[in-house]
Amino acid sequence: MAVRTVVALRALGLGDLLTALPALRALARAFPCRRRILAAPRALAALAVHARAAESVHDTRPLAPLDPDLAEADLAVNLHGKGPQSRSLLEDSRPRRLISFGGDGPEWRPEEHEVARWCRLLEESGIPADPSDLDMAPPALRVPRVAIGATLIHPGAASGARRWPVERFAAIARAERADGRQVVVTGGTGDIGLAQFLGDLAGLPRGVLFAGRTDLVGLAALVAAAGRVVCGDTGVAHLATALRTPSVVVFGPVSPERWGPPADRPWHRALWAGRTGDPHADRPDPGLLEIQVADVVAALGRLEPSRAA
């Protein structure tokens with residue numbers, strides 16, 4: 001079958017985009033000189049193109065009907081989930097071929113790492129994919145001098161269950177400054193108040209608080225410039241992986257075996273108490289709360305420099 005247009009559905013967040021990066025690049029290698037469209041939120045567009053995830057991004061909300069412009073693609077790939085909702089959305093768009101979990105497609109494995117899962121989907125559908133193809137070039141943006149080599153702290157997360165207490169992040173900021181390191185704080189527009197509270201607790205000047213001041217490409221530039229990253233299980237952790245910036249990631253309630261940095265990158269440290277729970281709950285997961293400030297400080301002390309550094 002001649003393939004002229006490839007549509008990949010991944011209408012989720014930043015971390016979801018980056019864990020699907022090897023699979024999306026595999027599609028680019030398999031179908032060069034073809035029109036490759038990623039159906040994902042508009043906010044991800046610039047970063048997705050920069051990361052070579054797609055030629056273009058068509059603004060798509062999670063599990064919303066696909067735009068008629070995406071109908072009748074030669075190949076549609078469901079990188080969104082195991083279905084049946086996401087699969088039905090793509091079936092309704094009438095592609096000539098559909099690759100997806102479910103139906104007659106490959107088997108879904110619940111405990112599989114998110115990166116390996118989507119590469120296996122393609123592999124078992126006849127498209128070679130390399131799970132190690134995670135690296136992303138730093139954006140060609142000038143960053144403030146204060147951010148270069150700094151410890152970047154990102155206290156926010158998509159749900160309360162994955163949000164380590166801000167008081168503990170502030171304690172990390174104080175410890176890093178006591179060791180002579182600059183500290184910067186990042187976040188989205190919804191994290192501005194959280195970043196300011198952290199700054200007040202840690203005695204940070206307003207000039208190092210970048211929450212709400214960058215788009216995702218700008219955030220990636222800050223992560224690339226940083227000396228190390230401290231955050232929860234959120235998109236910034238995956239940026240640190242993609243940009244080879246050393247990191248300490250506080251996990252809970254989902255295991256790093258499913259969403260953590262690859263084991264072959266020793267400049268990352270994933271901390272987890274070994275307890276699973278509801279990742280969408282409003283309150284911090286009990287297992288997450290078992291991880292103490294001293295645990296993070298110790299992990300920072302064991303960080304190895306990245307190859308990029």
Side-chain angles (χ1 to χ4, degrees), residues 1 3-28 30-31 34-45 48 53-54 56-129 131 158-159 161-162 233-235 238 253-255 257-259 276-282:
M1 181 186 78
V3 174
R4 296 177 299 275
T5 302
V6 179
V7 172
L9 175 63
R10 186 75 167 168
L12 296 164
L14 173 60
D16 304 282
L17 168 68
L18 295 173
T19 51
L21 196 53
L24 289 164
R25 287 173 172 169
L27 291 172
F31 304 104
R34 303 299 188 268
R35 187 174 176 228
R36 292 177 293 106
I37 305 168
L38 175 63
R42 181 184 291 111
L44 300 176
S56 63
V57 173
H58 199 101
D59 186 30
T60 306
R61 292 179 290 109
L63 297 179
L66 296 188
D67 192 290
D69 289 347
L70 302 183
E72 300 181 356
D74 296 295
L75 174 64
V77 183
N78 184 6
L79 301 178
H80 192 90
K82 62 180 179 180
Q85 292 167 292
S86 55
R87 181 182 175 88
S88 295
L89 289 173
L90 286 170
E91 288 175 335
D92 290 345
S93 72
R94 306 179 305 282
R96 293 177 64 194
R97 182 189 178 192
L98 172 62
I99 293 176
S100 178
F101 287 111
D104 296 327
E107 173 192 10
W108 177 273
R109 299 172 186 169
E111 300 306 316
E112 191 169 23
H113 193 283
E114 191 71 4
V115 174
R117 168 178 290 125
W118 304 112
C119 288
R120 181 176 61 84
L121 172 67
L122 296 184
E123 287 275 1
E124 295 187 10
S125 303
I127 300 173
S159 66
R162 291 186 282 141
D233 175 18
T234 189
H238 299 286
V254 177
S255 167
E257 293 295 321
R258 293 180 57 191
W259 284 89
T276 58
D278 179 7
H280 306 294
D282 294 332

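Computed from a predicted structure; not experimentally measured.
- When each of R36, R97, R4, R94 is paired with D74, the salt bridge (Lys or Arg N to Asp or Glu O under 4.0 Å) condition holds for R4 and for no other.
- Put simply, CG on L75 and CZ on R96 are 10.0 Å apart, with the number rounded to the nearest 0.5 Å.
- Without hydrogens or angle criteria, R42 side chain to D59 main chain gives no donor-acceptor distance under 3.5 Å.
- Side-chain contact between D92 and P65 is absent, with no heavy-atom pair separated by less than 4.5 Å.
- Crowding of R35 atom CZ: a count of heavy atoms from other residues, nucleotides or ligands under 6.0 Å not exceeding 12.
- In this structure the side chain of V57 never reaches within 4.5 angstrom of the side chain of L44, judged on heavy atoms.
- For the atom pair CG of L18 and CZ of R10, the computed distance is 10.0 Å after rounding to the nearest 0.5 Å.
- Checked by atom type, the side-chain pair R258/T19 shows no donor-acceptor distance below 3.5 Å.
- Counting heavy atoms from C-beta on, the side chains of P95 and E72 never come closer than 4.5 Å.
- The shortest heavy-atom contact between L21 and A53 is CD1-CB, 3.7 Å.
- Heavy-atom contacts from other residues, nucleotides or ligands closer than 6.0 Å to CD of E257 number 12 or fewer.
- With a 4.5 Å cut-off on side-chain heavy atoms, H80 and L63 count as touching.
- Atom CG of L14 sits about 7.5 Å away from atom OG1 of T234, to the nearest 0.5 Å.
- Counting heavy atoms from C-beta outward, T60 and L66 have side chains that approach closer than 4.5 Å.
- Applying the 6.0 Å contact sphere to CG of D69 captures more than 12 heavy atoms from other residues, nucleotides or ligands.
- At distances below 3.5 Å, at least one donor-acceptor pair connects side-chain atoms of R120 with backbone N or O atoms of E107.
- Counting only heavy atoms from C-beta outward, the side chains of L70 and L9 never approach each other to under 4.5 Å.
- Side-chain contact between L17 and L24: present, with at least one pair of heavy atoms (C-beta onward) separated by less than 4.5 Å.
- Of all non-hydrogen atoms in P22 and C119, the two that sit nearest each other are CB-SG, 3.7 Å.
- Atoms CG and CG, on N78 and L98 in that order, are 7.0 Å from each other to the nearest 0.5 Å.
- Closest approach of A11 to P62, counting heavy atoms only: O-CG, 3.3 Å.
- Under the rule for a side chain to side chain donor-acceptor pair (under 3.5 Å), S159 has no partner lying at least two apart in sequence or in another chain.
- V77 is not listed as a side-chain neighbour of W118, based on a closest heavy-atom distance of 4.5 Å or more.
- Applying the 6.0 Å contact sphere to CD of E124 captures more than 12 heavy atoms from other residues, nucleotides or ligands.
- Considering NE2 of H238 and CG of D233, their distance stands at 5.5 Å, rounded to 0.5 Å.
- Closest approach of A23 and L122 over heavy atoms only: O-CD1, 3.3 Å.
- Heavy-atom minimum distance, G102 versus R87: O-NH1, 3.3 Å.
- The structure places CD1 of I99 at 4.5 Å from OG of S125, a figure rounded to the nearest 0.5 Å.
- A donor-acceptor contact shorter than 3.5 Å is absent between the side chain of E114 and the backbone of W259.
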